[in-house]
Amino acid sequence: VGTDGSCRWMSATRVDLPFTSSQVVPLPFPMAHGTTTLAFMFQGGVLAAADTRSSCSGLVACPASQKILPIHSHLVGTTSGTSADCALWKRILSRELRLYQLRYGRRLSTRGAAKLLSHMLHPFKGTELCVAATLCGWDGGDFSGPSLFYVCSDGTRLEGSLFSVGSGSPYAYSILDQGVRWGLTVEEATSIAREAVYRATHRDAYSGNFVDVYHVTSKGWTRRTREDLKEEYYREKEKRRLERERRDTLHPANTENVTIQRALMQPI
Amino acid sequence: EMLSAQGFGGPGKMKEYHYAGAVENRFSPYAFNGGTDTTVIGCSGFHGDCLTLTKIIDARLKMYKHSNNKTMTSGAIAAMLSTILYSRRFFPYYVYNIIGGLDEEGKGAVYSFDPVGSYQRDTYKAGGSASAMLQPLLDNQIGFKNMEGVQHLPLTQEKAVQLVKDVFISAAERDVYTGDALRVCVITKDGINEQTIPLRKD
């Protein structure tokens, strides 16, 4: 980007990109990091879900931040890493995609957007920039259909059908690997995504608060209302209590059995 | 140094913004009138960067006014500040900003920033050295968090000013860097009302 003077496309971005100093000054303050985001493809499009906690070395800087940012009508990006980096680079990406659309009369594909973002981030490789995004989109034209790419500021650019990014991703992956299939309905997919984020927020300290779910189809993206996971925790607790009571009343003689079962009962 | 801002719609249709003077310089205003009647910006952190940043913002506000023939809206100032902060991503301005003002509809708007430009709109926010102490209090009193069965009454202007005074008095008790004076800016559609309240001087 910086050295290629002949590329008129990139010259516009050169002005406002942050300059890289040769010596990185250690920051006296911590930056916001830590999250759970996930995205997967299925027959009904692409589903993206994320928590909303923005943490800053132990302090919750913001309990209601937006980690899924719409880039244009048919492309949504999940963000992970440093909030400022993700927010600003998504903005730069939106601008470049809009310019592409105006110049060439068609929307750039998700694959193209991923390559563009990856190449824009490349000059900053080795600096402390930290962006780990999944681009979830629906492409029109010849290669119509859902599309999912993972782009990271260390240079990774991958195509896939299931990604989870962030400190809570191991927990989310286990739920997703269990349940995600191509043939899911929209409701089933939403419930798996919610469940995965919910379990990750429970176990990961840096994820929590609410869950956002975005669904991308051929008609564009739609957003489900933000859900408070605290309520979900209490609902689940109540459900388990009722189930335990029901089991106790059904098999009152087998209380021994029940106690063993209870001891072995793992969180689902 | 510590500052906090609350924004809310409702009958008062106003927004409040306050800050405390530094311990080192006995009286140094941190709340900076954004050259408009509807926005105030507060900066805490490294004072040198606060001063430079406010100078830059002031200049950009004037440039916008001259080239676009209108004053910047709160949302626009927030977006601009985000890009200004991010332009120094690798040698940041060590400033925690909060912008308070009225949006186009006349409702209260609060935008809080981190030092590298990540921002979002809130209803209330505390920033600065005592922010970790005061944010939970604001969550409880303005956001009605962690309380069961309470009525969510909208905050009136008097109640809001009183709350802010209490919050800062508490901060001055428990945070060494907060004290001396408190300047409260109440922003309503009729303009900005400023008052200075003394705090502990030790």
Inset, instruction - Would you indicate whether A:R235, at its atom CZ, is surrounded by more than 12 heavy atoms from other residues, nucleotides or ligands within a distance under 6.0 Å? - result: yes
Legend entry - B:K165 atom NZ: more than 12 heavy-atom contacts under 6.0 Å: yes
Inset, instruction - Please tell me if the side chains of A:T127 and B:R89 come closer than 4.5 Å, counting only heavy atoms from C-beta onward. - result: no
Legend entry - Side-chain heavy-atom pair A:V60, B:Q135 within 4.5 angstrom cut-off: no
Legend entry - OG-CD distance between A:S83 and B:Q120, expressed to the nearest 0.5 angstrom: 9.0 Å
Legend entry - Crowding at CG, B:N69 (>12 non-hydrogen neighbours, <6.0 Å): no
Legend entry - More than 12 heavy atoms of other groups within 6.0 Å of B:K145 NZ: yes
Legend entry - Within 6.0 Å of CZ in B:F144, more than 12 heavy atoms from elsewhere: yes
Inset, instruction - Considering non-hydrogen atoms only, spot the tightest contact between B:G117 and A:L88 and give its length. - result: O-CD2, 4.1 Å
Inset, instruction - Look at the aromatic rings of B:F90 and A:F124 and report parallel, tilted or perpendicular, splitting at 30° and 60°. - result: parallel
Inset, instruction - Mind checking the SG-CG spacing from A:C62 to B:D122? Nearest 0.5 Å is all I need. - result: 5.5 Å
